[in-house]
Asks: 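Let me give you the structure first, and then I'll get to my questions.
Only heavy atoms go into these numbers, but all of them, side chains included; no hydrogens, no water, no symmetry mates. For the single chain, residues carry numbers from 1 onward in sequence order.
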Amino acid sequence: MSVIFGIQDLFQLVLSLGLLAFEAWAFLDALSHKPDAFVAGDKQTKQLWLIVLGVALGAHLLIMEPFHLLNLVGAVATIVYFVDVRPTLRSLTRR
């Protein structure tokens, strides 16, 4: 029985670290874009996205459980950033 719990704990640790890396990448990516690109792409403001992604990242650092409510909300915000906001920003700033 302890082997099953060991595998479950390992799975949660890998999932948590992967989600942490994903959120950190989103935060750093948002930092790298100019504030004008967010407004031009009609995607809220850079400040708002940095707050949302920063709170998600900070909550994940404090609560290293991938299935905690705050971490699930942070994961959704990060996915929205990568699926909706980042492609728009990249298309506006592409050289």
Asks: To the nearest 0.5 Å, tell me how far L19 CG sits from Q12 CD.
Replies: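 Between L19 CG and Q12 CD, I get 12.0 Å after rounding to 0.5 Å.
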Asks: Distance check, rounded to the nearest 0.5 Å: K43 atom NZ versus W49 atom CH2?
Replies: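 These two atoms lie 9.0 Å from each other.
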Asks: Consider only side-chain heavy atoms of I, L, V, M, F, W and Y, link residues closer than 4.5 Å, and tell whether L20 and F27 are in one cluster.
Replies: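 Yes.
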Asks: Please check this pair: side chain of K46 against backbone of D36, looking for a donor-acceptor N/O pair closer than 3.5 Å.
Replies: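 Flag not set: sc K46 to bb D36 has no pair under 3.5 Å.
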Asks: Applying a strict under-4.5 Å side-chain criterion to I, L, V, M, F, W and Y, I'd like to know whether I63 and L53 cluster together.
Replies: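 Each belongs to a different hydrophobic cluster.
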Asks: Side-chain heavy atoms nearer than 4.5 Å, only ILVMFWY residues, links allowed to pass through others: does that put I79 and F82 together?
Replies: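 Yes; tracing contacts between hydrophobic side chains, which count when under 4.5 Å, links both residues.
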Asks: Would you give the length of the straight line joining atom CG of L28 to atom CG of L57, rounded to the nearest 0.5 angstrom?
Replies: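 Nearest 0.5 Å value for the CG-CG distance: 8.0 Å.
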Asks: Quick check on the hydrophobic clustering: are V73 and V55 connected, directly or via other members, by side-chain heavy-atom contacts under 4.5 Å?
Replies: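 Different clusters: V73 never reaches V55 through Ile, Leu, Val, Met, Phe, Trp or Tyr contacts under 4.5 Å.
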Asks: Can you find a pair of side-chain heavy atoms, one from L17 and one from M64, that are under 4.5 Å apart?
Replies: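 The answer is yes; the side chains approach within 4.5 Å.
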Asks: Looking only at non-hydrogen atoms, find the nearest pair between A40 and L92 and report the distance.
Replies: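 Result for this residue pair: C-CD1, 3.9 Å.
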Asks: Please name the pair of heavy atoms, one in A77 and one in V52, separated by the smallest distance, quoted to 0.1 Å.
Replies: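 So the two residues come closest at CB-CG1, 3.7 Å.
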Asks: Can you tell me how far CG of L62 sits from NE2 of H68, rounded to the nearest 0.5 angstrom?
Replies: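 Going from NE2 on H68 over to CG on L62, the span is 10.5 Å.
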Asks: Group every Ile, Leu, Val, Met, Phe, Trp and Tyr by side-chain heavy-atom contacts under 4.5 Å, then state whether L50 and L89 land in the same group.
Replies: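 Yes, it is one cluster - the side chains of L50 and L89 are joined through contacts under 4.5 Å.
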Asks: Should we count CG of D9 as having more than 12 external heavy atoms under 6.0 Å?
Replies: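 Yes.
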Asks: Relative to the ring of F38, is the ring of H33 parallel (under 30°), tilted (30 to 60°) or perpendicular (over 60°)?
Replies: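 Taking F38 first and then H33, their aromatic rings stand perpendicular (interplane angle over 60°).
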Asks: What are the two closest heavy atoms between A56 and G74, and how far apart are they?
Replies: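 Looking at all heavy atoms of both residues, the shortest contact is CB-CA, 3.5 Å.
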Asks: For the CG atom of L15 and the CZ atom of F22, what is their distance to the nearest 0.5 Å?
Replies: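 It comes to 12.0 Å.
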Asks: At their closest point, which heavy atom of E65 faces which heavy atom of S16, and how far apart are they?
Replies: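 Looks like N-OG, 4.5 Å.
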Asks: Would a distance-only check, ignoring hydrogens and angles, find a side-chain to backbone donor-acceptor pair under 3.5 Å from Y81 to A30?
Replies: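 Here the side-chain-to-backbone pair exists.
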Asks: Do T93 and K34 have side-chain heavy atoms sitting under 4.5 Å apart?
Replies: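 Result no, sub-4.5 Å side-chain heavy-atom pair not found.
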